[in-house]
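To keep things clear, I will list the structure first and then write my remarks on it.
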Amino acid sequence: MAVIKPHAAHWGSYDTVVEDGRLTGIRPFARDPHPGALLESVPDALYSKARIDQPYIRAGWLRGERRGAERGDRDFVPVSWDQAVRLAAEETARVRAESGHPSIMGGSYGWSSAGRFHHAKSQLQRFLGLGGGYTTQVTNYSYGAGMTLMPHVLGTNDVIQGPVTDWSSILKHTKLMLCIGGLPLKNALVTAGGAGAHEYVPWLKRIAEAGVRFVNISPFRGDAPDFLDAEWVPIRPNTDTALILAMIHTLVAEGLEDRGFLATHCTGWDKLRPYVMGETDGQPKTADWAAAITEVPVEKIRALAFETARLPTMLTATWSIQRAEHGEQPWWALVALAATLGGIGKPGQGVTFGYGSMNGMGTPRREIPSVSMPASRNAGGLAIPVARVTELLERPGEILQYNGRDITLPDTRIIWWAGGNPFHHHQDLNRLLRAWNRAETIIVQEPWWTAAARHADIVLPATTTLERNDIASSSRDRFVRAMHQAVAPIGQARHDHDMLADMAEHLGFRDRFTEQRDEAAWLRHLYERWRQACRHFDFAPPSFEEFWETGHVEVPPPDRDFVLFEDFARDPANHPLNTPSGKVELFSETIAGFGYAEIGGHPRWQPPTEFLGAPLAERFPLHLLSYQPATRLHGQLDTGRVAAASKIQGREPLLMHPEDAAARGLTEGAIIRVFNDRGACLAGLQVSAGIRRGVVAMATGAWWDPEHRPGRLDVHGNPNVLTHDYGTSRLGQGSAAQSCLVEIEAFSDTLPPVTVHDAPRPVAEALS
């Protein structure tokens with residue numbers, strides 16, 4: 001007889017169907033208006049051949065091969081949990097005593113579990129913090145440059161993370177949505193912390209049916225769904241700043257700027273305007289100037305400027321736009337355009353970053369906190385921007401400049417990673433691996449043999465969400481979902497909390513780590529903390545028993561539309577922004593004071609090292625864009641049927657214009673070699689007229705599968721063997737993956753097998 005239990009993941013809430021202790025089916029949550037196809041891959045991931053069956057230790061590490069040792073699919077030795085826990089705890093204590101707390105990098109970046117208790121990052125950082133401290137990461141790969149910039153410019157990151165002006169306000173008031181990077185549907189499949197309701201598509205359809213006009217400014221037509229009937233403006237990648245500055249120039253030249261708003265709500269217009277008009281550098285940022293850079297026609301640039309001045313307009317840019325060299329500039333420029341139009345804080349107008357970057361952005365919601373673990377302290381550690389991990393490992397004792405601070409990089413002796421895979425998120429993987437191998441000991445907690453686990457010394461098998469109980473919760477979704485354990489742990493997999501509790505016992509702080517609670521007690525505790533917090537927001541959730549029995553709690557909708565910066569727009573004196581001036585900072589004295597030559601005090605055009613207008617394009621004439629996939633979440637579910645069905649002869653697809661393909665003698669379905677000076681990977685060719693000439697696009701997340709020979713060709717199709725690894729600027733130090741030039745040729749050698757979804761072999765004999 002089938003047993004049905006509630007559960008959730010970042011890609012949606014669902015019910016599990018379990019028969020005789022085995023997961024046999026998945027049913028979307030009945031209240032979800034638009035569930036995604038990713039649920040089909042859940043059973044495949046649970047029972048994947050890539051599951052780690054027990055603890056392992058690299059034999060070379062046991063022999064004393066530590067710093068500088070080559071790692072990856074080496075001779076892993078199966079060990080008992082007792083041995084693995086003891087060795088990890090002893091190594092931690094030794095390194096802390098010899099080199100101090102910052103010598104341990106607590107790397108836990110990634111989406112890991114939607115469950116708030118068994119959230120790997122929360123568990124690992126709690127353990128390392130109670131142990132004395134560690135080196136951690138701040139910001140993120142998704143919008144790290146922007147989240148460092150926006151507090152200087154707008155005083156908050158709400159404009160990126162939410163709450164943002166909601167869809168109901170846009171439906172009622174907006175006439176034009178100008179979308180830099182489009183409004184991709186694929187990103188609407190996922191919500192950090194889980195989604196009970198995928199409402200992005202239903203809201204977009206309602207808004208389109210209401211007659212709102214959409215403009216998709218992107219190299220890829222598919223960045224806007226067909227039902228929006230969006231105008232496509234196929235801009236040259238990395239040139240959005242030039243386009244936006246030219247629109248501002250057009251508005252000023254025609255006397256269409258909102259002088260009142262600029263005078264009362266902004267500071268720095270007296271410095272930005274002369275730059276835009278060419279008075280400070282001799283180059284007016286005209287539409288003719290921008291057309292040569294962007295390859296958007298002069299007439300179109302001017303027409304867009306006039307239309308935004310004539311119609312109530314919402315300006316938006318995806319998170320991906322700032323993942324480029326000088327990535328802070330287009331976002332800052334878009335704020336400046338919104339200020340020039342005077343729309344910030346008006347219903348259905350202004351600027352937002354992230355519509356189309358995640359489900360839940362713009363969904364009407366009541367402001368209620370999400371269920372979460374208590375924050376942990378890192379008293380004895382330090383923090384670096386997450387995208388600078390390679391530099392942390394390469395440059396011990398040197399200075400990393402970030403956001404006005406000088407960070408002295410420690411000598412990293414232990415890398416401890418849980419809940420993510422740096423060989424998915426990071427750039428220039430061959431360089432990362434060289435830096436990674438500098439560590440003495442690498443500990444990885446992971447359910448699957450990802451690249452991180454394959455390049456570890458101590459490998460600890462973690463349970464998946466389906467093998468434990470938890471609570472899914474997101475501030476972007478109105479449902480809090482019970483996650484009932486569906487099946488028993490596979491092999492010797494253990495919960496992150498339990499394995500870390502055993503290590504804490506070796507180190508003398510088990511009771512402080514667990515607070516003498518088991519899983520059930522923690523879930524009740526977290527839920528009750530949330531219930532108490534909700535009382536301050538006039539919402540009374542049911543008891544824990546009722547919640548666990550029902551499987552979900554629904555938060556009621558808001559009483560009114562939400563408009564970001566509404567109070568500030570109405571009364572800037574009594575509702576100032578959290579900036580030094582209390583206003584929109586079109587020129588930031590703070591940023592200018594940092595003295596970073598590459599950023600300056602106001603938005604400006606700076607050509608990237610790698611884009612189609614750069615000298616390097618003569619050698620590598622194709623601009624590679626790497627995007628989030630529709631067939632998995634980052635690297636999660638890459639072992640599933642949905643991802644597998646999208647691949648070409650087992651390789652990740654690459655999108656290319658038919659004329660670019662014909663010029664290279666390539667045809668649909670061919671296996672191709674994509675390369676530059678940093679590396680090379682294989683891909684399967686997809687031809688489409690929906691991508692502009694000179695641009696190719698490839699999803700991230702195919703598990704890295706390098707050949708074991710010089711050159712390390714990735715045979716599976718991970719674009720991060722090609723992307724360069726330097727920061728957007730010293731201000732944001734974000735990922736600049738979208739500034740990447742490549743060349744492509746047919747692959748004519750014998751096609752190597754993709755083996756990364758299997759457990760690594762050989763495996764040495766167990767220790768006696």
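The figures here come from the full heavy-atom set of this structure, side chains too, leaving out hydrogens, waters and symmetry mates.
- Looking at E610 and E325, their side chains never come closer than 4.5 Å, going by heavy atoms from C-beta outward.
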Side chain to side chain contact (heavy atoms under 4.5 Å, CB included) between H634 and Q628, intermediate numbers included: CA-CA 6 Å; H634 292 290; Q628 297 305 319; 2.9 Å; yes
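- At least one donor-acceptor pair under 3.5 Å links the side chain of Q733 to the backbone N or O of Q401.
- Here the side chain of N187 pairs a donor or acceptor atom with the backbone of G356 at under 3.5 angstrom.
- Salt-bridge check for K300 with E231: passed, with a basic side-chain N closer than 4.0 Å to an acidic carboxylate O.
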Side chain to side chain donor-acceptor pair (under 3.5 Å) between S372 and S370, intermediate numbers included: CA-CA 6 Å; S372 62; S370 58; 5.3 Å; no
Chi angles and distances behind the side chain to side chain donor-acceptor pair (under 3.5 Å) call for S218, D223: CA-CA 7 Å; S218 168; D223 276 337; 2.6 Å; yes
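- Among all heavy-atom pairs drawn from L185 and V201, the shortest one is CD2-CG2, 3.8 Å.
- Taken from CG in L633 to NZ in K186, the straight-line distance is 11.5 Å, to the nearest 0.5 Å.
- Using modelled atom types, one side-chain atom of H198 and one backbone atom of L189 make a donor-acceptor pair closer than 3.5 Å.
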Steps toward side chain to side chain contact (heavy atoms under 4.5 Å, CB included) verdict (I217, L243): CA-CA 10 Å; I217 301 175; L243 173 74; 3.8 Å; yes
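- Checked by atom type and distance alone, the side chain of R388 never pairs as donor or acceptor with a backbone atom of S735 at under 3.5 Å.
- With rounding to the nearest 0.5 angstrom, the CG atom of L178 is 7.5 Å from the CG atom of L337.
- Annotation: cation-pi geometry satisfied between R206 and W203 (NZ/CZ under 6.0 angstrom from ring centroid, within 45° of ring axis).
- Other residues, nucleotides and ligands place more than 12 heavy atoms under 6.0 Å from the CZ atom of R570.
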Full working for side chain to side chain donor-acceptor pair (under 3.5 Å) between N403 and H152: CA-CA 10 Å; N403 196 21; H152 293 293; 2.9 Å; yes
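- Taking the six-membered ring wherever Trp is involved, the centroid distance between the rings of W232 and F220 does not fall below 6.0 Å.
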Criterion side chain to side chain contact (heavy atoms under 4.5 Å, CB included) on I248 and Y275, from CA distance to verdict: CA-CA 11 Å; I248 296 174; Y275 169 75; over 6 Å; no
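- Between Y141 and H425, a ring centre-to-centre spacing shorter than 6.0 Å is recorded.
- Residues P163 and D158 form a side-chain contact, since some pair of their non-hydrogen atoms from C-beta on lies under 4.5 Å apart.
- Remark: the backbone N or O of W111 is paired with a side-chain donor or acceptor of H10 at under 3.5 angstrom.
- Remark: aromatic rings of H724 and Y726 are close, center separation under 6.0 Å.
- Side-chain contact between P237 and L625: present, with at least one pair of heavy atoms (C-beta onward) separated by less than 4.5 Å.
- By the neighbour-count criterion of 12 heavy atoms within 6.0 Å, atom CG of D571 is densely surrounded, having more than that number from other residues, nucleotides or ligands.
- Two residues are said to be in side-chain contact when any heavy atoms from C-beta on lie closer than 4.5 Å; R476 and N359 fail this criterion.
- Under a 3.5 Å cut-off, the side chain of Q322 and the backbone N or O of A145 do form a donor-acceptor pair.
- Taking CD1 from I170 and OG1 from T165, the interatomic distance works out to 6.5 Å, rounded to the nearest 0.5 Å.
- With E585 contributing its side chain and G268 its backbone, the two residues share no donor-acceptor pair below 3.5 Å.
- When only modelled atom types and interatomic distance are considered, S168 and D166 share a side-chain donor-acceptor pair under 3.5 Å.
- Side-chain atoms of T250 do not come within 3.5 Å of backbone N or O of A305 as any donor-acceptor pair.
- The CE atom of M247 sits 7.0 Å away from atom CG of L315, with the distance rounded to the nearest 0.5 Å.
- A side-chain donor-acceptor contact under 3.5 Å links D477 to the backbone of G196.
- To the nearest 0.5 angstrom, L577 atom CG is 11.5 Å from T267 atom OG1.
- Residues S729 and E328 have side chains that bring a donor and an acceptor to within less than 3.5 angstrom of each other.
- A salt bridge between R560 and E566 is present, with a side-chain N of the basic residue lying under 4.0 Å from a carboxylate O of the acidic one.
- Between F537 and P369 there is a side-chain heavy-atom pair separated by less than 4.5 Å.
- In this structure, a donor-acceptor pair under 3.5 Å is absent between the side chains of Q738 and Y627.
- Side-chain atoms of R236 come within 3.5 Å of backbone atoms of I293 as a donor-acceptor pair (strictly under, hydrogens ignored).
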CA sep, side-chain torsions, deciding dist, call: L176, M314, side chain to side chain contact (heavy atoms under 4.5 Å, CB included): CA-CA 6 Å; L176 171 66; M314 174 59 75; over 6 Å; no
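- A salt bridge is defined here as a Lys NZ or Arg NE, NH1 or NH2 lying under 4.0 Å from an Asp or Glu carboxylate O, and E367 with R365 meets this definition.
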Audit row: H426, N720, side chain to side chain donor-acceptor pair (under 3.5 Å) steps and yes/no: CA-CA 7 Å; H426 208 71; N720 276 332; over 6 Å; no
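- Between W319 and F353, the distance from one ring center to the other does not fall under 6.0 angstrom.
- By the 6.0 Å contact criterion, NZ on K175 is open, its count of non-hydrogen atoms from other residues, nucleotides or ligands being 12 or less.
- L622 is not listed as a side-chain neighbour of L612, based on a closest heavy-atom distance of 4.5 Å or more.
- Under the 30°/60° scheme for interplanar angles, the aromatic rings of F594 and Y596 are found to be tilted.
- A distance of 9.5 Å separates OG1 of T239 from NE2 of H623, quoted to the nearest 0.5 Å.
- A salt bridge links D281 with K285: the closest approach of a Lys/Arg side-chain nitrogen to an acidic carboxylate oxygen falls below 4.0 angstrom.
- D226 CG: 12 or fewer foreign heavy atoms inside a 6.0 Å radius.
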